[in-house]
Structure formats: structure tokens, C-alpha cells
Amino acid sequence: MPNKTPAIYWIRQDLRINDNAALMAAAKGDRPVIPLYIREDDLAGALGGAQAWWLERSLARLGEAYDELGTGLVLKSGKPGTIIADLIEETGAETVYWNRRYTPDGMRTDKALKQKLRDDGIDAQSFAGRILHEPSKFETKSGGPYKVYTPFWKAFSADPRIADPQDAPDRLTAPDTKPQSERLEDWKLYSGKPDWAAGFDDIWTPGEAAANRQLDRFIDAIAEHYASSRDRPDIEATSMLSPHLALGEISPATIWHRVGRAKDLSSENRKKFLQELVWRDFCYHLLFHAPDLRTENWNSRFDGFAWQDNDEAFDAWTRGRTGYPIVDAGMRQLWQEGTMHNRVRMIVASFLIKDLMIDWRKGEAWFRDTLVDADPASNPANWQWVAGSGADASPFFRIFNPVLQGNKFDPQGDYVRRYVPELEDMPAKHIHAPFDAPRDVLDAAGVTLGKDYPKPLVDHKKARNRALAAFEKIKD
DNA sequence: AATATTTTAGT
DNA sequence: CTAAAATAT
């Protein structure tokens, strides 16, 4: 029997073997497969620093997985069109498959490439799997995209058929001659200084195996308290799956089904978590219908908002030196660990946007660069949500009070103490507002404001009134 | 996915 | 008088 021509499986943000439609289609009938990852020139800058750290490690794990499956992984740098055309020439491949992505740049690249390959007689196909349902699937009765989450969830739940995850292949057939691969070590994806990301290793293990272990851990020990504890940054109460999802180390369908069928999980906890998972789909739905979501206000009323340029304040925010402990703890967690608890993300975002009146785009860019789970849909959609310019947004006048939020969600101050060690000895009663603590309490804790820990950058009450006044000017 | 302030109810 | 509820932002 003559050897079949190989299929190229182009890997993007789907760094997994399991539940991978493009890979399975490529390998069908023992066809030889060339798993190809391209470091794309055109998308330079799209990858943040923290995610580059993750990608470097995840690609190493993926390379091992493909070695075990028998094909290895081919790494190339450049334009996808050129790389793939060269590879077709070199290997005689007649098939190129990939899993879809939904960023405007990515979709443009993929659409043009698919057309060109098909014109050349190549079987080029794309597959679903990054999100639960295609972003174009849902529309309101009046024919447009959903603008509010609850109706989106209802439409989503009305037809909850999500295909069961496909198992990983046991083995793959390698092409007769393996194409040359660049060396991952030579890419030096993570170029941060030695001090940054040192703490990432303490809490993160990139790769598909770790993603699945984390899902097990969530289902076994965390999910049963999800609804009541998910807002508590001082407790291990969230799934921590977002960076794995961001690079596709686990599919949302896998999470959907494993949580959906988990034993001994109350319907409240199950539903609450699955709703959060579907928020991710909602963000992709929004991005699909508003491709400029990252740069333009979803609600154009905000185009006239009087954002303040204040580099000094922005710098203090990024470094966790605002003088508001819950804000500073969050920003320092972000820097040290490449993540931040969801509740605290809302608090720090509210502080930047409303207390400092700095444009949400600056915050979005900072998160994109420092979060290991930075996602092209969720990140801008949620920043706009906090700003009030986004879909189903928090009204602008919903201004978080960082002291009340701290007292409510970090009642013992443990979260603050973990990331703001200079407040280690502050009692819970005063840890979220050291600027209001009696002198003797500060002395006993060894804290001199303005020396050991910053004085507040702004007075929250005044800042709140200033933001409300600015909002009045763009109202109607 | 909020908070500050005012109003009303409860003792 | 305090606490809960309603209301404005």
C-alpha cells in the first residue's frame, strides 16, 4: 500500500492532545501527521510577558507528548502562509487542519490562508474547540448579538448539547521524513529579568497533564464550596484553570462535562461554576460582534469621558503602592504569580478606573502583559464591564470602596498579609485601612505610613465624588 | 458582580 | 434609639 501523504496539523492556542478535533481529523485512518507550531511574526506583541513564560514551558511539555506519540513537534518562526507553503513543498502534504481562533487578526490570517490553500488544491479545514459554542451561533429574537449575560445564558442553556470530549490518540504515524524543527531553547520566549516570574514556579505547572490534575483537584476539593467561597481571595476557592484554558491545554468542553457530571456536587455550585465558564463564551460572542473591543468603548457614550493622564499614579498602581492594602495585595500578587483572584481584579480595576480615573485601556494592557491567563476576549470585555462601557456592565456609579471590599472578602486580612508583608502585624480590624488606624496600633505593628507602607494615593471619598461628577458629563 | 444616604419599621 | 429597607448615585 502506498504511503499516504501527511497532514499538517497547525497548532495555535490549543496545546493539548485530548479533545482536539483538528488533530483527530488529521490523524484519521493512520494518516501521517506533522504537528506544527508557528511563532507568528505578524502577531508579535500579542503575547504578553507572563504568557510567554507559560508558553515556553507548555510547548516543552507538548513536544514531549508528541515525541511519545511518535511524531515529535515541528517548531517554525515566520508567516504562517510561507511556513506552511514551504512545508507542503517539502513533505508533499495535501491536508492542513487547525482549530479555530477568534481574534480579529487571527481570523483574518486564517481566512486568507484557507482560501489560498484551497485554491492550490489543498484540503484546508478548521475545527471548533476553543469555546463551547461558535460565537455566531446565538442571536436575540430581534436578530442581533446578545448584550446582556442572563438572556445569553438562557439561550445557551436552552440547547446545552455540547459534544463529548474526544480521547487522545494512542499513537500517531510520523511522516517518512520529519521536517526540520527550530529549537525551543533558541526562541527565548520569556525574556523577563531573572527576578520577575521567579514566583510563578511556586504555584503554576504549565501543560496538559497539570491542567487535568487541577480540574480533578477542583472537582474533588474546591467545587463543593464554590458558590459560597468563590469571592474570598484568602481561601482556595476558585478553579485556577484559566491559564490552562487560555493556551488550550484543556478544552472548555472537557471542563463542562467533568464538572457537569461530577458526583456529590450541589446544583447551586455546579451551576454557578458553569455560568462562569459560559461568561468566557459570552466574551467571545462580544468580541466576534465587536472586533475592536480591545481598543474602542463598546458603549460609545464613554468616548467623551475625561480620562486622566497620570503616569505617577499608574506606576503606583502597577507596583502595588497605592496605600489601599487590598489593591496593593492584588497588584503584587499579579506581579509575583501572574494571576490575581477574580474579586480582587474587580477591586483593582475599579480603583484604576474610578478612583484614579485612568483609561481602562491602560489597565487592560497591563493585565495582558502580566497575567498568565490573559485572554483576548475576556480581558477587554471584563475591563469594559468594570468601566461601565461594556456589555451588561456594572453601572459607572457602582464604585468599589476598597476598605469595605477588603473587610467583606478578606475579613482576617490574610490575603493582604500574604502579599503586603509590611502590614504583617496589623490586626484584622485595621489592616484594610491603616490610614485610619490609631497611632498605637500602627506603632505596635511597626508601621510608619509614608515610610514602611505608602499613604493613600487618593482619598477614596473625594475620588468617588470626582468620578461621579465626570460621569455626569457623559450621561445622556 | 456597590455604596452612601435617606426613610421607615421595630423596640 | 437601632436596624432594616428603600433609594439615589
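These numbers were taken from a predicted model, which means no experiment stands behind them.
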Sugar-phosphate only, base, or nothing, as touched by A/Arg345 at under 4.0 Å among non-hydrogen atoms: nothing
A/Asn401 side chain near B/dA4 phosphate (N/O to OP1/OP2, under 4.0 Å): yes
Sugar-phosphate, base or nothing in reach of A/Glu276, heavy atoms under 4.0 Å: base
Exercise: do A/Thr238 and A/Arg230 side chains pair donor with acceptor under 3.5 Å: no
For atom CZ of A/Arg466 and atom P of B/dT3, their distance in whole Å: 19 Å
Separation of atom CZ in A/Phe397 from atom C1' in B/dA4, rounded to whole Å: 13 Å
Under 4.0 angstrom between A/Arg343 side-chain N/O and B/dA2 OP1 or OP2: yes
Nearest-angstrom distance from the residue atom NZ of A/Lys462 to C1' of B/dT3: 19 Å
Whole-Å gap separating P (C/dA8) and CZ (A/Arg464): 15 Å
For atom NE2 of A/His460 and atom P of C/dT9, their distance in whole Å: 17 Å
Residue that, paired with A/His289, satisfies side-chain contact (heavy atoms from CB on, under 4.5 Å) out of A/Pro145, A/Ser136, A/Pro135: A/Pro145
N or O in side chain of A/Gln405 less than 4.0 angstrom from B/dT3 OP1/OP2: yes
Residues A/Lys475 and A/Glu472 bridged, charged N to O under 4.0 Å: yes
Interatomic distance where CZ belongs to A/Phe396 and C1' belongs to C/dT9 [whole Å]: 11 Å
Integer-rounded Å distance: B/dA1 P and A/Met340 CE: 21 Å
A/Asp264 CG: over 12 foreign heavy atoms closer than 6.0 Å: no
Length of the line joining A/Phe282:CZ and B/dA1:P, which is rounded to integer Å: 15 Å
Candidates B/dA2, C/dT9, B/dA1 - which lies nearest the side chain of A/Leu468: C/dT9
Residue from A/Leu184, A/Asp14, A/Ile11 passing side-chain contact (heavy atoms from CB on, under 4.5 Å) with A/Leu62: A/Ile11
